[in-house]
2 protein chains.
Amino acid sequence: MIKVNKKIEYGVLALLYLNSKEDKAASVREMASNCGVPEALLSKVMQTIKNVGYVSAVYGNHGGYKLTKTLEEINLLGITLALDGPIQVADCLKPGNETCPAKQSCTIVDPMNVLNQKIIELFQTTSLQQLSAQKELSVKEVTLS
Amino acid sequence: MIKVNKKIEYGVLALLYLNSKEDKAASVREMASNCGVPEALLSKVMQTIKNVGYVSAVYGNHGGYKLTKTLEEINLLGITLALDGPIQVADCLKPGNETCPAKQSCTIVDPMNVLNQKIIELFQTTSLQQLSAQKELSVKEVTLS
DNA sequence: CACAATAAGACTAAATTGGTCTAGCTAGAC
DNA sequence: GTCTAGCTAGACCAATTTAGTCTTATTGTG
């Protein structure tokens with residue numbers, strides 16, 4: 001299944017929650033209980049997000065995390081890269097992969113790169129601002145045909 | 001990691017190989033060895049692809065599979081739906097999921113639907129024809145609205 | 001009938017993901 | 001200064017998903 005993982009989901013939720021606190025810090029405990037996600041895991045997620053500069057950490061009593069960027073400045077690509085590494089929709093795109101089983105007939109590596117690039121652009125153009133849009137504004141029927 | 005799975009990769013390879021045979025049938029063994037993929041697994045993949053009508057099976061000696069559609073008529077969405085089920089980029093999109101941990105503050109379900117829809121559209125507009133394009137031709141057109 | 005091929009499902013193995021545990025470090029409150 | 005809430009870090013484990021195998025049937029041609 002093509003899907004984003006829990007860390008990304010949790011990170012997005014936490015960042016949106018942080019945004020609602022304006023420039024007050026929120027502890028991982030507070031975020032986790034408000035967002036309903038596992039505290040220990042969110043702790044890891046926040047550390048990683050801190051390392052890419054979207055939030056700063058406040059140590060000690062009454063500490064926590066604070067947003068250092070606006071929702072417009074944070075996009076899904078940045079979050080994904082931080083929490084999940086580079087986007088590679090197919091294994092044969094991995095750097096240094098010389099074991100691709102289909103060398104003779106392989107016309108797929110570059111096309112997969114095209115798909116990869118499309119997904120990267122999609123993620124890049126999806127800001128947290130967009131993800132925080134109210135439901136009335138963002139609803140669109142998902143119809144498979 | 002956001003990625004398509006092996007079955008989809010193998011299915012795409014096999015269909016492109018089949019296309020190169022024009023309307024002759026190719027056995028799973030032939031396809032597997034030419035594409036360098038596991039035969040038993042490809043067998044499953046081809047059965048599934050047969051069930052959605054992209055290929056027909058020829059039983060018995062000198063049998064195999066034949067393409068029944070053109071590369072333009074087969075897109076990545078169809079292959080993905082067949083081999084991997086509906087596209088759901090986040091667990092909270094699964095039908096009947098009432099255990100979403102973030103009900104209070106959740107502003108993400110519908111935005112994830114938007115992302116989901118964008119990915120579906122991307123897959124739908126990516127035909128096998130595009131994936132079979134020669135490398136020189138396929139690099140440019142990374143048009144994303 | 002013998003053989004080559006698909007059909008189908010149970011089963012196993014490997015990899016990834018999700019989540020926990022433990023121990024240490026930091027800084028503010030008292 | 002010490003207590004405590006909180007971040008840091010890494011090892012570890014469990015659950016799920018994915019990849020791949022094995023076995024047994026069925027089908028159709030020569």
Side-chain angles (χ1 to χ4, degrees), chain A residues 1-11 13-14 18 24-33 35-52 54-66 68 80 83-86 88-92 94 97 99 101, chain B residues 1-11 13-14 18 24-33 35-52 54-66 68 80 83-86 88-92 94 97 99 101:
Chain A
M1 177 55 52
I2 184 162
K3 66 183 196 69
V4 301
N5 68 22
K6 293 285 191 191
K7 288 195 284 187
I8 293 169
E9 257 187 75
Y10 295 166
L13 282 172
L18 269 189
K24 279 178 290 184
S27 69
V28 168
R29 170 157 304 173
E30 174 183 346
M31 288 187 279
S33 88
C35 296
V37 306
E39 186 179 329
L41 186 53
L42 183 58
S43 171
K44 293 304 189 56
V45 168
M46 292 312 297
Q47 285 173 42
T48 305
I49 289 177
K50 193 209 75 174
N51 290 337
V52 296
Y54 294 162
V55 298
S56 61
V58 182
Y59 275 55
N61 203 347
H62 299 117
Y65 289 97
K66 288 165 69 170
T68 58
T80 300
L83 293 173
D84 211 28
Q88 288 152 341
V89 292
D91 289 339
C92 56
K94 283 180 185 163
N97 183 349
T99 61
Chain B
M1 176 56 52
I2 183 161
K3 66 183 195 65
V4 300
N5 67 23
K6 294 283 190 191
K7 288 194 286 187
I8 293 168
E9 257 186 75
Y10 296 165
L13 283 172
L18 268 190
K24 277 179 292 186
S27 70
V28 168
R29 170 156 304 172
E30 174 184 348
M31 289 187 277
S33 90
C35 296
V37 305
E39 183 180 331
L41 186 52
L42 183 59
S43 170
K44 294 303 190 58
V45 167
M46 292 311 296
Q47 284 174 42
T48 306
I49 290 177
K50 191 209 75 173
N51 290 335
V52 296
Y54 293 162
V55 298
S56 60
V58 182
Y59 275 57
N61 202 348
H62 299 116
Y65 289 97
K66 288 166 71 171
T68 57
T80 300
L83 293 173
D84 209 30
Q88 287 152 342
V89 292
D91 288 340
C92 55
K94 284 178 183 163
N97 183 348
T99 61

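Lettering of chains follows the sequences in order, A, B, ..., and the numbering in each one begins at 1.
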How would you label the contact of B:Ala40 with the nucleic acid (heavy atoms, under 4.0 Å): base, sugar-phosphate, or nothing? base
Check whether any side-chain nitrogen or oxygen of B:Tyr65 sits under 4.0 Å from OP1 or OP2 of C:dA5, and answer yes or no. no
So does A:Tyr10 get a side-chain nitrogen or oxygen closer than 4.0 Å to the phosphate oxygens (OP1/OP2) of C:dG19? yes
Can you sort out the partners of B:Ala25 under side chain to side chain contact (heavy atoms under 4.5 Å, CB included), two or more places apart, ordered by chain and number? B:Val58, B:Lys66
What is the distance from [atom1] of [X] to [atom2] of [N], rounded to the nearest Å?
X: A:Leu42; N: D:dG6; atom1: CG; atom2: P; value: 14 Å
X: A:Glu9; N: C:dG18; atom1: CD; atom2: P; value: 9 Å
X: B:Ile2; N: C:dT17; atom1: CD1; atom2: C1'; value: 15 Å
X: A:Glu39; N: D:dT8; atom1: CD; atom2: C1'; value: 14 Å
X: B:Gln88; N: D:dT17; atom1: CD; atom2: C1'; value: 15 Å
X: B:Asp84; N: D:dT16; atom1: CG; atom2: C1'; value: 14 Å
X: B:Leu83; N: D:dT18; atom1: CG; atom2: C1'; value: 13 Å
X: B:Asn5; N: C:dA15; atom1: CG; atom2: P; value: 16 Å

Taking the side chain of [X] as heavy atoms from C-beta outward, which of [options] is closest to it?
X: A:Lys3; options: D:dG20, C:dA7, C:dG18; answer: C:dG18
X: B:Pro38; options: C:dG19, C:dT6, D:dT21; answer: D:dT21
X: A:Leu41; options: C:dA5, D:dA19, C:dT20; answer: C:dT20

Quick one: [atom1] on [X] to [atom2] on [Y], what's the gap to the nearest 0.5 Å?
X: A:Asp84; Y: B:Ile2; atom1: CG; atom2: CD1; value: 8.5 Å
X: B:Thr48; Y: B:Tyr54; atom1: OG1; atom2: OH; value: 12.5 Å
X: B:Leu83; Y: B:Lys44; atom1: CG; atom2: NZ; value: 12.5 Å

What heavy-atom pair brings [X] and [Y] nearest, and what distance separates the two atoms?
X: A:Ala32; Y: A:Pro38; value: CB-C, 4.4 Å
X: A:Met31; Y: A:Tyr65; value: CE-CD1, 3.8 Å
X: B:Lys50; Y: B:Ala57; value: CD-CB, 3.7 Å

Taking only nitrogen or oxygen atoms into account, show me every contact under 3.5 Å that the protein makes with nucleotides 9-12 of chain D, one pair per line with its distance.
residue : atom : partner : partner atom : Å
D:dG10  : N7   : A:Lys44 : NZ           : 3.3
D:dG10  : O6   : A:Lys44 : NZ           : 3.1
D:dA11  : N6   : A:Lys44 : NZ           : 3.2

Any B:Glu39 side-chain heavy atom under 4.5 Å of B:Ser43 side chain: no
Are any of the side-chain heavy atoms of A:Leu18 and A:Met46 separated by less than 4.5 Å? yes
Want to settle it: does A:Met31 or B:Lys7 sit nearer the 5' end of DNA chain D, counting the closest nucleotide to each? A:Met31
I'd like a list of close polar pairs between nucleotides 26-30 of chain D and the protein, N/O only, cut-off under 3.5 Å.
none

Partner of B:Leu42 under side chain to side chain contact (heavy atoms under 4.5 Å, CB included), picked from B:Leu13, B:Ile49, B:Val37, is B:Val37
